[in-house]
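Here's the structure, in structure tokens; my notes come after.
Because only heavy atoms are used, hydrogens play no part in the values below, and waters and symmetry mates are left out as well, while side chains stay in. What you see is a predicted model; the values in this text were computed from it and never measured. Throughout, protein chains are lettered first and strands after them, A, B, ... in sequence-line order, and every chain is numbered starting at 1.
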Amino acid sequence: MTLSTIWVHAEAMDGTVSSTTLELLTKARDLADTVACFYAGDDADDIAEQLGEYGCETVYQTGDLEGALVGVPVAAAIAEMVDAGDGPDAILLGTSYDARDVAARLSVKLDRTVITNVVDVEVDDDTLIGTEPIFGGTTEVKTRFTGDGPYLMLVRPKSFPAEPSGGPAADVEDLDVPELGASGGARVIERHVEESEGPKLDEAAVVVAGGRGLGEEEKFAMVEDLAKLLKGAAGASRAIVDAGWVPYALQVGQTGKVVKPDVYIAAGISGATQHLVGMKGSKHIIAINKDPEAPIFGIADLGIVGDVHKVMPKLIEALQGR
Amino acid sequence: MNVVVCVKQIPDPADPGALDPDTKTLKRDVKLILDESDSYGVEMALQLVDAAGEGEVILVSMAPNNERSGLSTALAMGAASATLISDETLSGSDALTTAKILAAAIAEREPKLVITGSESSDGYTGTVPDQIAAVLDLPSVTMAKSISVDGDQVKVERQTDAGHDDVECPMPCVVSVTAGVVEPRYPSFKGIMAAKSKPVDEKTVADLGFDADSVGWAAAGQEIVEIADAPQREAGEVIEDDGEAYNRIVAFLDELKVI
């Protein structure tokens, strides 16, 4: 049993489609006969080949948004298509800052609920069922849409593998963005890119994350050093993000990013349920914490009961010598 | 300049409770506290009102049983008053219904600025801020690291994956803030005492003009069909550091061919 049409929110950076978009396209091919994408921008031609390779037949682009935040114009344009009877059965968006805005605005425009934090999707007759982890991932809830579509889902990154189908380049079509009025008033005046070496947090093969056990902000440098040595990315627990040591973009957890690297090294992180849900899908977990009762040891493949301030410098030194 | 801050009162994350298998809603028999994610919004609003030199911070919250312990915390920090929507028909409401209810309560206060957290610590849908903005047909900026008011607009540093964007947005508008961007003040003893006499306007769903069947499970557009324990990971080897434990990590990384 499949749906007729699913649309996927396509996101790209510098002409490269995000891995989450490709994951969703791969899953959408199993769920629906026809898969299309919508995209905020005027350069969909640059990504049409990549999208097509993963099964997208058509990509609808908004055109140049002239600095507007994407939620309002994208939702308005899609709502017009849905109202005209040209909408899909379901819309899948990968959880990101912009995608949440799009889903939220669409939800109001279409008066449809959004099922969020989805990690698995299945078709049930003519509706969808999403699986969402709650209580730090100790419990999984399956939620089914009732009523009419289009069904809106925000899916967490890394929920599905990305596998190409070898399709031809997607057709590019233009979306009509209606007059937005006051609601479209937010404008990006300037973008600041903070250069970070190495891979992105949610795509890195190795993640080294630090928590409150580091004791003070300056000690986060150890986490960054180790991440760099292992060609990985640095992450953080919510506690030190809340404390203002590192920006929210580094947060791993229920709120924050979900990571599934080959190796996850937790330094001075006790393992609150809020953190565990964001990293327990990692292939291998190494934990360093001075509290032998810390919950992180319950899921670590290798746990070191010890002081991060002693273990980390020695580890860094040993790796530097190789 | 009046600023509304949406605050959620949640079960203590250290003791998150469980889902009631019969009602499929959160068991609410535990004491609720102010969601820490919202304390940043409260602090930011207090600073903005202070900088403006006029106006006040107004809280809007939705909670069962007229629960107000979390509200008291935010009032003690310095908010002037609150609207508390409490109605048993709200049980099972999805984020969209929540946003509609909050938006109706916010509209009554006619604020220039609405501040929310980016996502609650318990439900973490992360959609409510922009759903509120959409219901009120207001512009919005999500994921703010900082907010300043400049005439009739706000200037916001918005967190992005690559860094941050400088965003300008005309008021009235909705801004959601990320955690950790300001240091929430601790309520002073004076603040705690003053909070006891600050007005809390209790509203029902009907007061805000909603029918009982337009909220709660009936209006959610979704139903829970299964609740199951997630597969658990097994604990592995745990060793005590004797000064040489780093070697075990190096050996493990070697095994995994990471180095």
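Taking B:E183, B:Q131, B:H164 one by one and counting their heavy-atom pairs under 4.5 Å with chain A, the maximum is reached by B:H164. The choice from A:R144, A:K280, A:E190 that makes the most heavy-atom pairs within less than 4.5 Å of chain B is A:R144. Between chain A and the options B:V258, B:V250, B:L256, B:D229, the largest number of non-hydrogen pairs under 4.5 Å is found for B:L256. For the set A:G147, A:G71, A:A318, A:G185, the entry with the most heavy-atom pairs within less than 4.5 Å of chain B is A:G185. Contact count against chain A (heavy-atom pairs under 4.5 Å) is highest for B:E168 among B:E240, B:K155, B:E168. With chain B as partner, the option from A:L154, A:D111, A:T95, A:I129 having the largest number of non-hydrogen pairs under 4.5 angstrom is A:D111. Here B:I249 is the residue among B:I249, B:V182, B:D137 with the most heavy-atom pairs under 4.5 Å with chain A. Chain B forms more heavy-atom pairs under 4.5 Å with one residue of A:I134, A:V141, A:L302, A:V72 than with any other, namely A:L302. Put simply, of B:P170, B:P129, B:S120, B:S39, the one with the most heavy-atom pairs under 4.5 Å next to chain A is B:P170. Your options are B:E36, B:K100, B:E119, B:Q153, and the one with the most heavy-atom pairs under 4.5 Å with chain A is B:E119. When A:I286, A:V305, A:V263 are compared by the number of non-hydrogen pairs under 4.5 Å with chain B, A:V305 comes out ahead. By number of non-hydrogen pairs under 4.5 angstrom with chain B, the leading residue of A:A300, A:A103, A:G306 is A:A300.
Contact annotation for B:T97: neither backbone nor side-chain heavy atoms come within less than 4.5 Å of a heavy atom of chain A. At a 4.5 Å heavy-atom cutoff, the contact between B:R248 and chain A is made by backbone and side-chain atoms alike. If you measure heavy-atom distances from B:L253 to chain A, the contacts under 4.5 Å come from the side chain alone.
The aromatic rings of A:Y264 and A:H275 are tilted relative to each other, their planes meeting at an angle between 30° and 60°.
Heavy-atom minimum distance, B:S37 versus B:S121: OG-OG, 3.2 Å.
Ion pairing between A:R212 and A:D242 fails under the 4.0 Å rule for side-chain N and carboxylate O.
In this structure the side chain of B:D130 never reaches within 4.5 angstrom of the side chain of B:V174, judged on heavy atoms.
Exactly one of A:H192, A:R191, A:R187 qualifies for a side-chain hydrogen bond (donor to acceptor under 3.5 Å, both in side chains) with B:D166. That residue is A:H192. Of the options A:V208, A:L319, A:L315, a side chain to side chain contact (heavy atoms under 4.5 Å, CB included) to A:L229 is made by A:L319 and by none of the others.
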